[in-house]
Amino acid sequence: MTSLKNDLFIRTIFKQPVDRTPIWMMRQAGRYLPEYRAIREKAGSFLNLCTNPELACEVTLQPLERYKFDAAILFSDILTIPDAMGLGLYFIEGEGPKFERPISSAEDIKKLPIPDPVQELKYVVDAVSLIRKNLQGRVPLIGFSGSPWTLATYMVEGGSSKSFQKVKSLMYEQPVLMHLLLDKIAQSVSHYLNAQIEAGAQAVMLFDTWGGVLSTEDYQEFSLDYAKRIRQSLNTNRDGQAIPTILFSKGGGQWLKTMADSGYDALGLDWQTDMRLAREQIGDKVALQGNMDPVMLYSNPEAIRNKIAEILSKFGSGSGHVFNLGHGILPDVDPEHVKAMVDAVHELSPQYHCGN
């Protein structure tokens with residue numbers, strides 16, 4: 001495997017000295033880029049794009065041609081695992097993901113298979129391998145999965161939800177059955193992430209997008225406990241290189257101390273979590289990733305720069321901060337505003353690392 005030419009992201013997550021704050025962006029390969037939209041049209045559908053390793057590789061690399069990002073992230077979707085379990089994923093324009101066969105009974109849960117990623121999710125594994133080869137060591141490649149709780153919400157609701165009535169009803173009324181579902185998903189996620197690492201992912205991230213809709217007790221039992229189990233099952237040493245791990249629970253700012261004990265090397269922060277308070281809470285236990293409001297990118301470059309200065313100042317001096325948005329970039333952001341963000345991080349962050 002080619003050695004990394006830019007390992008700033010990896011060193012930062014392991015809190016090693018760096019000369020500036022690294023930056024990448026959730027959904028950095030996406031609809032805000034005209035070149036992405038051209039490939040998406042060529043593919044015919046979002047799902048076709050996800051399941052074609054060559055096209056997934058192409059769109060993964062696109063943002064690196066425009067911007068000085070310090071990491072690439074696999075272009076895929078968090079719902080690949082439920083699809084591989086037989087639920088029939090499809091997308092409706094303007095409505096998001098749907099499942100043809102959502103979970104509606106105990107029998108549905110009991111008969112769910114645990115997919116072999118090398119078989120049922122081979123297109124993802126192949127994409128990781130191809131992206132890693134084409135990166136040629138420019139920057140590290142991040143693999144990812146949705147968390148068991150987040151995947152379960154889509155599988156039971158049949159798609160996106162505002163109230164989470166179906167999945168929460170299952171959790172409250174039949175907790176044993178809910179745990180059976182989460183256990184199967186956790187096993188599947190572990191196999192999936194390990195297959196990505198084996199194929200060449202140099203870091204992995206668990207997206208717990210809907211963890212924040214739970215109460216404190218339910219978050220611990222139905223979300224974080226499964227995230228911890230996955231972390232314990234990951235093969236985080238590949239060819240003698242340590243593989244960093246990141247946990248992102250949107251809306252989870254009130255649980256940072258507990259999350260910091262979960263075994264992950266870094267915690268992703270949403271924009272509602274104050275960076276200074278987060279660092280005060282977790283100290284030097286783990287690195288932090290985030291956390292500018294994605295809507296900030298609609299502002300002018302000067303306002304973006306000022307917000308970046310504020311976030312960098314709140315984290316303060318030393319390594320352990322990966323700059324990112326607090327959630328994925330929105331689809332109609334001006335690409336020039338992304339450049340303004342990247343440039344500002346490059347220009348403003350070295351002052352916080354001069355003692356390293």
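Note that the structure is a prediction, hence the values are computed from the model and not measured.
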Measure the shortest side-chain to side-chain distance between [X] and [Y] over non-hydrogen atoms and say whether it is less than 4.5 angstrom.
X    : Y    : answer
H337 : Y298 : no
P97  : Y154 : yes
Y226 : H179 : yes
R229 : D225 : no
F323 : M292 : yes
L312 : H321 : yes
S161 : T153 : no
L33  : Y67  : yes

Check: [Y] main-chain N/O paired with [X] side-chain donor or acceptor under 3.5 Å:
X    : Y    : value
N237 : A242 : no
N6   : R138 : no
K314 : D274 : no
D7   : I10  : no
W149 : W210 : yes
N48  : A43  : yes

Should the pair [X]-[Y] be classified as a salt bridge under the 4.0 Å nitrogen-to-oxygen rule?
X    : Y    : value
K228 : D261 : no
R276 : E280 : no
K307 : D293 : no

- request: Consider only side-chain N and O atoms of T80 and D77, and report whether a donor and an acceptor are under 3.5 Å apart.
  value: no
message: Can a side-chain donor-acceptor contact be found between S319 and H353 if the only test is distance below 3.5 angstrom?
response: no
field: Passing option when M341 is tested against V333, I329, I23 for side chain to side chain contact (heavy atoms under 4.5 Å, CB included)
entry: I23
message: Given V204, which partner from the list I197, N194, I230, I246 fulfils the side chain to side chain contact (heavy atoms under 4.5 Å, CB included) test?
response: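 Among I197, N194, I230, I246, the one meeting side chain to side chain contact (heavy atoms under 4.5 Å, CB included) with V204 is I197.
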message: Could you check whether F144 and F207 have their ring centres less than 6.0 Å apart?
response: yes
message: Can you classify the ring geometry of F75 versus F46 as parallel (below 30°), tilted (30 to 60°) or perpendicular (above 60°)?
response: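 Plane angle over 60°, so perpendicular.
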All N/O donor-acceptor pairs, side-chain side in residues 249-259, below 3.5 Å, sequence neighbours left out:
unit_1 : atom_1 : unit_2 : atom_2 : d
S249   : OG     : D208   : OD2    : 2.8
S249   : OG     : Y219   : OH     : 2.8
W255   : NE1    : T216   : OG1    : 3.0

